[in-house]
Amino acid sequence: MRPVIPYVTAALLFGLGTYGVLRRRNAILVLIAVELMLNAVNLILVTADTTVRSQLPHGGQVFALFVIVLAAAEVGVGLAIVLQLYRMRASVAVDEVPLAEPPSPNAPAEPSAPPPATAATTGEADR
Amino acid sequence: MTGTDALLLALGALAVGSGALAVATRHLVRAGLYLVLCLAAVAGMYLVLTAELVAWVQVLIYVGAVVVLLLFAVMLTRAPIGASTDLDRPGWPAALIGGGTGLGLAALLVDAYRWSSVPLPTAGSAERIGEQIFGSWVLPFEVLSVLLLAALVGAIILSRPDIGRSPVGPAGGSGADETPAATPTETPTGTSTEGRRSR
């Protein structure tokens, strides 16, 4: 087994993830790119586990499992933040998020109007 | 070049190709589906690299849970179905930094390993990984369970605005703004459904 093949694959996947994080405007696509980067790190860990003789056996695979758990927690909290952002601003574009000013009290009221309307209509449709 | 190398090359090419499509496509849903393909290819590489447990956990958690969550978020944020042109920033810096990172790391690893060959160990079983997790790594494992609980509670509190806002005094005004905003929207829909019923 040539270890250079999975290593180079992981490096290219990490580069693609970096490109996606910097390039994408949609917050969900940014999260997808972050998943690519986490997978590249996992691939490095598993490849190192099979190629490098370490003092603790299978440390790389254990760390890969830990990173998978961390990624699941990250994507849960991240998607909750994205949905809250959509509820407040009716948009998930990451470059339209104002970082300095606090959201004005009138701003959440107007974009939050469509989602309850659809919830009401679907609820009515179910009935 | 043995069969293992050929398999790794094919799966690696599939992973990199679908990953590139996932960060380059203009369809929001297709990006998630290309991510599934990329994750499955990486899981196949884990299988070839004798990490069976990690491969199946990858399929279960990533393909089964994370991608489903991402697709749910795509649907809940009312993403456009067809191709959309506003998904990307005009980004030569992104291409420069991403390409530089990927190719730089690849050059570093190629220089370190230089087509050397390593014998694969015997196929790993879940038993040995379990011994390691519950032997040497039991403290990080328990800390991770606390982290998962914290993430769960945090996600629930973030996604329910009525929990976080009510005790705060000035933010209660915005929470009070939302309830009148919700009631007038309900009344037009109610009238519209009544109109439908009258029809």
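Each chain gets a letter, A, B and so on, in the order the sequences are listed, and its residues count up from 1.
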Practice task
Select one option (side chain, backbone, both, neither) describing which atoms of Ala65(B) are under 4.5 Å from chain A's heavy atoms.
Solution key: neither

Problem - Asp88(B)/Arg24(A) salt bridge by N-O under 4.0 Å criterion - result: yes

Handout entry: Ile61(B), part contacting chain A, at a heavy-atom distance under 4.5 Å
Key = side chain

Problem - Closest-packed option against chain A by number of heavy-atom pairs under 4.5 Å, given Val110(B), Leu148(B), Leu70(B) - result: Leu70(B)

Handout entry: Partner chain A: residue of Leu96(B), Thr77(B), Leu109(B), Leu152(B) with the largest heavy-atom pair count (under 4.5 Å)
Key = Thr77(B)

Handout entry: Region of Ile44(A) in contact with chain B, defined by heavy-atom distances below 4.5 Å
Key = side chain

Exercise for the section: Sort Ala24(B) into side chain, backbone, both or neither according to what part of it lies under 4.5 angstrom from a heavy atom of chain A. Expected result: backbone

Exercise for the section: Examine whether an atom of Val92(A) lies under 4.5 Å from a heavy atom of chain B, and if so say whether it belongs to the side chain, the backbone or both; otherwise answer neither. Expected result: side chain

Handout entry: Contact winner vs chain B - Gly78(A), Pro3(A), Gly59(A), Ala73(A), heavy-atom pairs under 4.5 Å
Key = Pro3(A)

Exercise for the section: Return the orientation label for the Phe63(A) and Trp137(B) ring planes: parallel under 30°, perpendicular over 60°, tilted otherwise. Expected result: perpendicular

Exercise for the section: Pick one of side chain, backbone, both or neither for Asn42(A), based on which atoms fall under 4.5 Å of a heavy atom in chain B. Expected result: both

Fill in the blank from the handout: Honestly, the part of Glu131(B) sitting under 4.5 Å from a heavy atom of chain A is neither

Handout entry: Toward chain B, the part of Ile32(A) with a non-hydrogen atom under 4.5 Å
Key = both

Exercise for the section: Output the option from Leu31(A), Leu36(A), Val8(A) having the highest count of non-hydrogen pairs under 4.5 Å with chain B. Expected result: Leu36(A)

